[in-house]
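Down below is the structure, laid out as C-alpha cells.
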Amino acid sequence: EPEVTQTPSHQVTQMGQEVILRCVPISNHLYFYWYRQILGQKVEFLVSFYNNEISEKSEIFDDQFSVERPDGSNFTLKIRSTKLEDSAMYFCATISGEQFFGPGTRLTVL
Amino acid sequence: GEDVEQSLFLSVREGDSSVINCTYTDSSSTYLYWYKQEPGAGLQLLTYIFSNMDMKQDQRLTVLLNKKDKHLSLRIADTQTGDSAIYFCAESKAAGNKLTFGGGTRVLVKP
C-alpha cells in the first residue's frame with residue numbers, strides 16, 4: 001500500500017537555525033499539506049499546496065515558513081529561523097479523497 | 001471559526017465496547033473523520049463519514065453522526081489491547097480542504 005514518507009524522523013536544532021523538513025507524497029496525489037502538533041496539544045493546520053502554489057495557510061504559517069516542491073516528488077517545509085516554540089511534531093499529508101498522513105518529523109529546538 | 005471538542009480520556013476493559021464522542025461547531029462540515037495515533041507514530045485514518053449519512057459500519061468500528069446536534073461518535077466493538085491509542089476526530093468542508101482536529105481522546109484498554 002503506498003504511503004507518505006517523511007525525513008528526518010527527528011531533527012534537533014539550535015534556536016535561530018534554518019531547518020528543512022522533507023516529505024515524499026503518494027505519487028498520484030495532488031494536494032499536499034503540513035500540520036504540526038505541539039506536545040500534548042491539538043494537531044494544527046499550517047498550509048495546503050496545490051498545483052505548485054499555496055492554496056491556504058493558517059495564521060501560524062508566517063514569513064518564517066515556506067513550502068516548496070523542488071523536484072516534482074519531494075515536498076518540503078522550511079523554517080528560516082527556528083524558535084523554541086517551533087518544537088513540535090510536523091506531519092505531511094496528501095490527499096486523494098482521504099488525507100493520508102506521514103509518520104511525522106519531531107523537531108526539537110534548543 | 002471551526003471548533004472540534006472531545007473528551008480527554010476513556011478507560012475500557014478488554015472485550016467491552018468503547019464509545020468515543022466528539023462535537024463540532026461548524027454546520028458546513030461535510031466530511032468527518034476518525035484518526036488513530038499510537039505512541040510515537042503518525043495519524044492513521046480509521047474511517048470517515050459524509051454529513052449526509054447517519055451511520056457507517058466498518059468491521060469493529062461504527063460511526064454515528066447526529067447532524068442536528070453536531071455530534072459524532074466512534075464505537076469500537078470488542079475492544080482489544082491494541083486499540084489503546086489516542087483517537088482524533090476531525091472535520092473538513094470538502095475533499096481537498098484542511099482538516100480541523102479535536103484535541104484527541106486517550107483510550108486505555110485494560111486486560
Side-chain angles (χ1 to χ4, degrees), chain A residues 1-10 21 23-26 28-51 53-61 67 88-108, chain B residues 1-9 20 22-26 28-53 56 58 61 63 72 74 85-107:
Chain A
E1 185 178 308
E3 56 184 23
V4 179
T5 59
Q6 290 185 243
T7 55
S9 55
H10 191 189
L21 310 183
C23 169
V24 179
I26 296 172
N28 59 346
H29 288 192
L30 301 178
Y31 290 86
F32 314 118
Y33 307 81
W34 285 101
Y35 292 82
R36 79 170 184 193
Q37 184 183 29
I38 296 172
L39 186 64
Q41 296 187 23
K42 289 188 178 188
V43 177
E44 301 171 291
F45 167 76
L46 292 177
V47 65
S48 59
F49 191 83
Y50 171 71
N51 202 24
E53 60 183 32
I54 290 173
S55 49
E56 187 178 359
K57 59 183 181 179
S58 72
E59 52 193 38
I60 302 168
F61 194 89
V67 289
M89 281 288 284
Y90 287 81
F91 293 105
C92 171
T94 70
I95 191 166
S96 176
E98 307 142 18
Q99 284 200 24
F100 294 89
F101 282 76
T105 293
R106 180 172 297 284
L107 176 65
T108 302
Chain B
E2 312 94 347
D3 194 21
V4 180
E5 296 293 335
Q6 299 177 238
S7 52
L8 286 176
F9 185 71
I20 308 165
C22 171
T23 57
Y24 59 98
T25 57
D26 194 334
S28 63
S29 300
T30 304
Y31 293 75
L32 296 135
Y33 304 84
W34 285 103
Y35 283 85
K36 177 183 180 183
Q37 185 181 37
E38 296 185 69
L43 296 160
Q44 174 195 356
L45 177 65
L46 289 177
T47 187
Y48 64 95
I49 190 168
F50 297 113
S51 60
N52 62 357
M53 298 167 66
K56 181 178 180 182
D58 184 0
L61 305 178
V63 180
L72 181 74
L74 174 70
I86 300 176
Y87 291 80
F88 291 93
C89 71
E91 64 86 25
S92 71
K93 304 290 176 292
N97 277 30
K98 67 179 183 185
L99 296 179
T100 299
F101 284 85
T105 299
R106 183 179 296 275
V107 173

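Reckoned from all heavy atoms, side chains included, excluding hydrogens, waters and symmetry mates. Proteins get letters first, then strands, A, B, ... in listed order; numbering begins at 1 in each. Here the structure is a predicted model, which means the values were calculated and not measured.
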### Message
Using heavy-atom distances under 4.5 Å, tell me whether Q37(B) contacts chain A through its side chain, its backbone, both, or neither.
### Response
side chain
### Message
Return the OH to OG distance between Y31(B) and S51(B), rounded to the nearest 0.5 Å.
### Response
8.5 Å
#### Entry: Interchain contact, L43(B) with chain A, by part (heavy-atom threshold 4.5 Å)
both
### Task
Let me know if Q6(A) has heavy atoms under 4.5 Å from chain B in its side chain, its backbone, both or neither.
neither
### Query
Tell me, side chain or backbone of Y50(A) under 4.5 Å from chain B's heavy atoms, or both, or neither?
neither
### Message
Among F91(A), Y90(A), F45(A), which residue satisfies the ring-ring contact (aromatic ring centres under 6.0 Å, His included) criterion with Y35(A)?
### Response
F45(A)
### Task
Please list, chain by chain and in numerical order, all residues satisfying side chain to side chain contact (heavy atoms under 4.5 Å, CB included) with T105(B), sequence neighbours excluded.
Q6(B), S7(B), L10(B), I20(B), V107(B)
### Query
Does the Q99(A) side chain pair with the main chain of N97(B), one donor and one acceptor, at a distance under 3.5 Å?
yes
### Query
Does K42(A) NZ have over 12 foreign heavy atoms under 6.0 Å away?
yes
## Note on the structure
Highest number of heavy-atom pairs under 4.5 Å with chain A among L99(B), T100(B), L45(B) belongs to L99(B)
